[in-house]
Colleague: 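So that we are looking at the same thing, I have put the structure below in C-alpha cells.
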Amino acid sequence: MELPQLVQNDRYLEPHAPIIIDRINQAKAKELELTQQGSLKDFASGHHWFGLHKISKGWVIRDWAPNATQIYMIGEFNDWQEREDYLLQSIGDGRWELFLPEDKLEHGQLYAFSMHWSGGSGKRIPAWCKRVVQDQESKLFNAQVWIQEKDFEWKHPNYRRAEEAPLIYESHIGMAGEEERVHTYNEFREQILPRIKAAGYNTVQLMAIPEHPYYGSFGYHVSSFFAPSSRFGTPEELKQLIDEAHGMGLAVIIDLVHSHAVKNEVEGLGNYDGTRYQFFHSGPKGEHPAWDSYCFNYGKNEVLHFLLSNIRYWLEDFKFDGYRFDGVTSMLYFDHGLGKAFTKYADYYDDGVDQEAVSYFCLANKLIHEVDPNAISIAEEVSGMPGLATPIDEGGYGFDYRMAMGVPDFWIKLIKEIPDDNWDMGQIFHELTSKRLDEKVVSYAESHDQALVGDKTIIFRLIDKEMYFSMRKDQPNLLVERGMALHKMIRLATVTCAGGAYLNFMGNEFGHPEWIDFPRLGNNWSYKHARRIWSLADNKELRYHLLSDFDQQMMQWIRQVGLLESPEVIWRYDNNGDKVLSYQRGQFLVVFNFNPTQSFTDYGIPIEPSKFKILFNTDEERFGGQERIDKRMTYYTRPSAGLTSQHYLHLYLPARTAIVLKKEAFKRVR
C-alpha cells in the first residue's frame with residue numbers, strides 16, 4: 001500500500017505508518033456507518049427534527065432520552081405543572097415526541113422538561129433547545145419558546161470568506177465594552193466591529209457564544225449547545241452582528257467547545273435522563289480531572305449525531321464562517337495530555353490515543369467543508385500531534401490550521417527569565433518558524449490565555465506598574481520606552497514569521513494595561529477587569545494609541561501584499577553578539593536590532609545584489625519611536641570586494657528597532 005502523503009513528507013513517521021493508516025481507515029468506516037441513508041450532511045440534521053418547532057398545525061417537540069420513563073413539558077403555559085396534555089410519547093429508540101395545537105404555546109413563554117426515570121425525576125432544559133434565558137433575580141435558567149413570525153432577512157446571504165490568510169481578532173461580547181457590566185451583541189456590532197475593520201483584521205473570533213451558566217467560565221463550560229447566550233441579546237441580534245460583519249468583509253468564527261460539558265444537571269446535560277452515560281463516558285473516564293466537567297463519549301452514534309448537528313447548525317442557521325475547536329489535546333488522549341511532555345513520535349502512536357476522538361475530528365472537518373467549502377477549522381492543541389492540520393486524504397485529521405501554542409509560551413519565558421541583552425537571535429527565529437511543512441498554524445504572541453488573572457500580558461510584563469503612571473506622552477520613562485519598543489518588535493516578528501494565520505486578543509494591540517478577571521466570589525463579583533478600556537487607545541495624550549497605530553500598519557500591510565500567503569520564511573542573517581536578526585518573506589526583508597543599548601551604522605546584511613526601500617519601521621515617531629531612520633533613501637547592496645563577491649545591504653540599525661524593507665526591481669551591472 002502506498003504511504004500516506006503525511007508519511008511521505010516526514011520519513012520519521014514511517015515506523016508508525018500502519019497506525020496512521022488504521023486510524024484513517026477507522027474514521028472512514030465510522031463515516032460509512034453513519035451515512036448509509038445519505039451524506040454526512042444529511043446525518044448531521046438532528047436540529048431539524050429534535051427540539052421545539054413550529055409546524056403548520058401547531059407545535060412539535062422531540063427529544064432523545066433513552067433512560068426516561070416519562071417526560072412532561074412544563075412552563076408558564078401550564079403553571080409549571082405536569083399535565084397529561086403536555087406529556088411526550090415514546091416513539092422508540094429512546095426518542096420522545098409531543099404535538100400541540102397552536103394555542104398551547106406562545107412566543108416568549110418559558111418552559112422546561114420534567115424528566116422521570118426509574119427511581120427519580122428532575123427538571124431539565126431540553127438538550128436541543130435554541131433559546132435559554134436566566135431570571136436575573138432567582139438566577140434560574142429556563143428554555144424559552146422563540147419563534148419569529150418572519151425569518152431573519154440576511155442583507156449579505158451570499159457572503160464568502162475571502163481566500164486570504166486569516167488575521168484573527170479574538171473577542172468576547174460581554175467584556176468588549178468599557179462599562180463594568182455585560183455588554184451586548186448590538187453594542188459589539190455598533191462599536192467594536194468598526195474598530196476591528198479599521199485595525200486591518202479580516203476575521204472575528206467570538207468566544208462564549210453557546211449558552212453557559214457561569215459567566216466566569218469564559219464560555220468553556222457549555223450547558224446548551226444550540227442556544228446562543230441570551231445574556232448578550234437575542235439570536236436575531238447575533239445574526240445581525242454576523243451579517244454586518246460580512247458586509248464589512250469580516251469573516252466570523254466561534255469557539256466550539258465539544259471537548260467537554262458543564263456538570264450542571266438542570267441547565268446542562270449532566271445526568272440528563274437519570275444517567276451520566278447518556279452523553280458522556282461513565283466512571284472516571286467521563287470526568288475531566290482539571291476542568292471539573294464531563295467528557296463526551298465519541299463512540300456513541302447518538303452523541304456524534306448531537307455534536308455534528310451542532311456544527312451544521314451554527315454554520316447554516318447563523319452563517320458562521322468556521323470554528324476554533326477548544327481542548328483538542330484533551331479529546332485526543334485518554335489522559336487528556338496532562339503532564340505529558342510528548343518528546344518522541346511514539347508518544348502519538350501508543351494506546352493512549354482515543355481513536356473515537358480521532359474519528360470524530362475527521363468527521364467534523366469533513367462535515368464543515370461539506371456544508372461550507374470556504375469555512376475554516378482551527379485546532380487548539382498543545383501536544384503537536386502530527387497530521388492534525390493535514391488533509392484527511394493525505395493521512396491527517398482535516399483541520400485547516402492548528403494554534404501555534406508554543407509561540408506565546410516562548411515569548412513569556414524569554415521576557416520572564418532572560419535579560420533582553422542575552423536573547424538568542426537564532427532561537428527566536430527557530431521558535432517562530434518551527435512547524436511541520438504539511439500544516440498551517442495560527443501564530444500569536446498572546447491570546448486571552450495570557451491575559452487571565454494570575455498571568456500577565458506582554459506589555460504588563462515589560463512595563464508593569466508604570467502602565468498606570470507613565471503612559472502620558474509628556475512623561476519620559478525609559479522603562480516604558482523599552483516596553484513599547486519590544487512590544488512592537490515581538491508582534492512584528494511573530495506575524496511576519498506566522499505559518500499561515502495570525503491572532504490577537506482584543507485590546508492587546510494597544511497594550512491594554514489590565515488582566516481579565518470575570519465576576520466571582522473572590523473579587524466580590526466585580527466587573528472591573530471584565531471589560532476593555534478603549535478610551536485609553538482613543539486618548540491622543542497617552543501612548544497606547546501609538547502601539548495600536550503600529551499594529552494597524554502591520555495588519556494593513558500584511559493584507560495588502562498577501563504576506564502570509566507566501567509560505568517560505570528565509571533566514572538571512574543573525575548575530576548573537578550584536579543582537580541582530582534578519583529574514584526574508586517574498587519580496588520583503590525584515591531586520592531587527594534587539595540590542596538594548598548599541599546602535600549600528602552601515603550594518604551589513606549579506607544578501608544577493610539588490611535594492612530596497614523602507615516601508616515602515618518601529619522607530620517612527622508616529623509609532624512612539626525617535627524617528628532615527630531615514631525612510632526616503634533607496635538602499636543598494638554593495639560588494640565586499642569585486643562585483644562577484646558577497647553583497648551586503650548596509651543599514652542604520654538603532655537600538656531596539658525593526659525595519660521592514662521591500663525589494664525593488666534591480667538591474668545587475670555585469
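Scope of the values below: all heavy atoms of this structure, side chains included, with no hydrogens, waters or symmetry mates.
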Colleague: Would a line drawn from the ring center of His183 to the ring center of Tyr527 be shorter than 6.0 Å?
Modeller: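 For His183 and Tyr527, the ring centres are not under 6.0 Å apart.
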Colleague: Would you mind checking if Lys579 and Asp420 are paired as a salt bridge, meaning a charged N to carboxylate O distance below 4.0 Å?
Modeller: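 No, no charged N to carboxylate O under 4.0 Å.
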Colleague: Does Arg461 come within less than 4.0 Å of Glu446, counting only side-chain N to carboxylate O?
Modeller: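 Between Glu446 and Arg461 there is no salt bridge, as every charged N stays at least 4.0 Å from the carboxylate O atoms.
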Colleague: By side chain to side chain contact (heavy atoms under 4.5 Å, CB included), which residues pair with Glu178, not counting sequence neighbours?
Modeller: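 With sequence neighbours excluded, Glu178 shows a side chain to side chain contact (heavy atoms under 4.5 Å, CB included) to Arg531, Ile533, Trp534, Ser535, given in chain and number order.
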Colleague: Would the distance check show the side chain of Lys340 and the main-chain N or O of Asp335 forming a donor-acceptor pair, the cut-off being under 3.5 Å?
Modeller: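 It does not hold such a pair.
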Colleague: If every non-hydrogen atom of Ala261 is compared with every non-hydrogen atom of Ser293, which pair is closest and at what distance?
Modeller: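 Between these two residues, the closest heavy atoms are O-CB, 3.2 Å.
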Colleague: Is a side-chain N or O of Glu439 found less than 3.5 angstrom from the main chain of Ala389, in a donor-acceptor match?
Modeller: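 Such a contact is found between Glu439 side chain and Ala389 backbone.
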Colleague: Take Tyr360 and Asp354 through the test side-chain hydrogen bond (donor to acceptor under 3.5 Å, both in side chains) and record every step on the way to the result.
Modeller: CA-CA 10 Å; Tyr360 169 71; Asp354 187 344; over 6 Å; no
Colleague: Between Tyr159 and Ala251, which heavy-atom pair has the shortest distance, and what is it?
Modeller: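 Answer, listing the atom of Tyr159 first, then Ala251: OH-N, 3.2 Å.
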Colleague: Can you confirm whether Lys435 is buried at NZ, in the sense that more than 12 heavy atoms of other residues, nucleotides or ligands lie under 6.0 Å from that atom?
Modeller: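 Yes, enclosed.
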Colleague: Taking the six-membered ring for Trp, are Trp291 and His260 parallel (under 30°), tilted (30 to 60°) or perpendicular (over 60°)?
Modeller: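 Tilted: the ring planes of Trp291 and His260 meet at 30° to 60°.
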Colleague: Please find the pair of heavy atoms, one from Phe510 and one from Leu547, that lie closest to each other, and give the distance.
Modeller: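 Smallest interatomic distance, heavy atoms only, reads O-CD1, 3.8 Å.
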